[in-house]
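We number each residue from 1, following the sequence as shown.
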Amino acid sequence: MTVPTEDLIEQVLDDEMIEERDAPKGITEVARLLTLSPYTLRYYEQEGLVLPARNASGYRAYSAFDLRRLVFLTRMRLSGMTMHDLKRYIALVEHGEATIAERRRIMLDQRDRIERRLRELTLALETTEYKIRTYGGAPDG
């Protein structure tokens with residue numbers, strides 16, 4: 001699967017696009033909307049991360065709640081969260097408000113990993129730009 005462009009990521013991950021009153025969506029439409037494969041959606045379901053209802057024909061029917069959950073999962077995977085941590089987090093969500101402190105801890109740890117990765121990427125970008133300058137001037141772009 002190709003990595004979505006920055007613009008597409010912003011569009012896809014803007015969960016304000018999800019309306020509560022929208023009709024449930026099928027797996028093909030959700031896969032296209034979120035730039036995920038149907039295989040990935042079925043895998044998330046198999047792992048218990050999202051549990052879409054089934055329509056009268058037996059096909060998956062993703063609700064607004066399911067779409068928001070998938071947007072969250074996509075954001076967390078994009079940020080490098082492991083499946084193990086995601087499964088733990090979702091299990092805690094399913095257990096209700098008594099788990100808020102532990103969920104907060106998971107998110108704080110994830111934020112720390114993201115911030116560390118941002119610093120690493122910033123250094124890599126600076127090094128790349130330095131090398132480009134040494135090969136003939138200012139970086140393009």
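- Residues passing the side chain to side chain contact (heavy atoms under 4.5 Å, CB included) test with T82 are H84, D85, sequence neighbours excluded.
- Evaluation of the side chain to side chain contact (heavy atoms under 4.5 Å, CB included) rule for R104 yields L108 as partners, not counting sequence neighbours.
- With a 4.5 Å cut-off between side-chain heavy atoms of Ile, Leu, Val, Met, Phe, Trp and Tyr, the cluster of L51 takes in none.
- With respect to R105 and D109, a salt bridge is recorded, a charged nitrogen being found less than 4.0 Å from a carboxylate O.
- Between F72 and L67 the shortest side-chain heavy-atom distance does not fall below 4.5 Å.
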Tell me which donor-acceptor pairs under 3.5 Å the side chains of residues 87-100 have, and how far apart each pair is, sequence neighbours excluded?
{"unit_1": "K87", "atom_1": "NZ", "unit_2": "E47", "atom_2": "OE1", "d": "2.5"}
{"unit_1": "R88", "atom_1": "NE", "unit_2": "E102", "atom_2": "OE2", "d": "3.3"}
{"unit_1": "R88", "atom_1": "NH2", "unit_2": "E102", "atom_2": "OE1", "d": "3.2"}
{"unit_1": "R88", "atom_1": "NH2", "unit_2": "E102", "atom_2": "OE2", "d": "2.5"}
{"unit_1": "E94", "atom_1": "OE2", "unit_2": "R69", "atom_2": "NH1", "d": "3.3"}
{"unit_1": "E94", "atom_1": "OE2", "unit_2": "R69", "atom_2": "NH2", "d": "2.9"}
{"unit_1": "H95", "atom_1": "ND1", "unit_2": "A91", "atom_2": "O", "d": "2.7"}
{"unit_1": "T99", "atom_1": "OG1", "unit_2": "L92", "atom_2": "O", "d": "2.7"}
{"unit_1": "T99", "atom_1": "OG1", "unit_2": "G96", "atom_2": "O", "d": "2.7"}
{"unit_1": "T99", "atom_1": "OG1", "unit_2": "R103", "atom_2": "NE", "d": "3.0"}
{"unit_1": "T99", "atom_1": "OG1", "unit_2": "R103", "atom_2": "NH2", "d": "3.4"}

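- In the hydrophobic clustering of ILVMFWY residues, with side-chain heavy atoms under 4.5 Å counting as a link, Y39 and V50 come out apart.
- The shortest distance between side-chain heavy atoms of P24 and Y62 does not fall below 4.5 Å.
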Worksheet item: Could you walk me through whether L49 and Y43 pass the side-chain contact (heavy atoms from CB on, under 4.5 Å) check?
Response: CA-CA 9 Å; L49 297 173; Y43 175 72; 5.9 Å; no

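- Taken together through direct or relayed side-chain contacts under 4.5 Å among Ile, Leu, Val, Met, Phe, Trp and Tyr, I132 and L125 form parts of separate hydrophobic clusters.
- S57 is linked by a side chain to side chain contact (heavy atoms under 4.5 Å, CB included) to N55, Y59, counting only residues two or more places apart in sequence or in another chain.
- For T127 (side chain) and L123 (main-chain N/O), a donor-acceptor pair under 3.5 Å exists by modelled atom type.
- Judged by distance alone, with hydrogens and angles left aside, the side-chain atoms of D66 form a donor-acceptor pair with the main-chain N or O of S63 at under 3.5 Å.
- Ionic pairing of E120 and R117 is present here: one or more N-O contacts between side-chain nitrogen and carboxylate oxygen are shorter than 4.0 angstrom.
- Put simply, the side chain of Q46 does not reach to within 4.5 Å of the side chain of Y44, judged on heavy atoms.
- By the side-chain hydrogen bond (donor to acceptor under 3.5 Å, both in side chains) test, R111 is found to be paired with no residue, residues two or more places apart in sequence or in another chain being considered.
- A continuous path of hydrophobic side-chain contacts links L36 to M83 [ILVMFWY only; heavy atoms under 4.5 Å].
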